[in-house]
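Indexing begins at 1, ligand by ligand and atom by atom, following the structure's order. All residue numbers refer to positions in the sequence shown, counting from 1.
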Amino acid sequence: MGKLLLLLLLLGAFVLLLIQAQERICMSCHMFVNGKCVESEGKCTMEDGGACRTRDIYLFNARGGFLYNHTMLECSKSCKASEESYFHLKISTFCCKSQDFCNKYKGK
Ligand SMILES: *[C@@H]1O[C@H](CO)[C@@H](O)[C@H](O)[C@H]1NC(C)=O
């Protein structure tokens, strides 16, 4: 009886592992503008632990504000949501793994 229980537990753990190690297909695009990819459209596969990444690129303009310019879509092994500002550039990063191509809908 004890052995059977152990076997069941192992089986359960194995099934859980299989579910977790699911692959996710992300959209990749070097330049995504107005809902369309205008440069290097493709897809990439992300394994366990990674996520699809969306990065909105803003450029500093003469009037002193950041203006949205384009979006980049890609796979990331360690995606972290963030907002980084450089001198003339701002990058907003989003991550998702809820469904295949989920990063396609996150960009502006
Ligand atoms: C801004 O977006 C345009 C496409 O709309 C692109 O051609 C240009 O290279 C982008 N500028 C920068 C600095 O990434």
task = Would you mind telling me if ligand 1 is within reach of the side chain of Val38, the backbone, both or neither, using heavy atoms under 4.0 Å?
result = neither

Are the side chains of [Y] and [X] in contact, using a 4.5 Å heavy-atom criterion?
X	Y	answer
Thr71	Ile57	no
Phe94	Asn103	no
Lys97	Met46	no

Tell me which protein heavy atom sits closest to [atom], plus the residue, atom name and distance to 0.1 Å.
atom	result
atom 14 (O) of ligand 1	His70 CE1, 3.1 Å
atom 9 (O) of ligand 1	Met31 CE, 3.9 Å
atom 5 (O) of ligand 1	Val33 CG2, 3.9 Å
atom 10 (C) of ligand 1	Asn69 ND2, 2.6 Å

inquiry  = Under a 4.0 angstrom heavy-atom cut-off, which atoms of ligand 1 come close to Leu59?
reply    = 11 (N), 13 (C)

request  = Dump the intermediate steps for side-chain contact (heavy atoms from CB on, under 4.5 Å) on Thr93 and Glu84, then the final yes or no.
outcome  = CA-CA 8 Å; Thr93 305; Glu84 299 159 84; 4.3 Å; yes

query = Is it true that the side chains of Ser28 and Glu74 contain a donor and an acceptor less than 3.5 Å apart?
reply = no

query = Do Cys102 and Cys52 have their SG atoms less than 2.5 Å apart?
reply = no

query = So is Ile57 close enough to ligand 1, meaning a heavy atom under 4.0 angstrom away?
reply = no

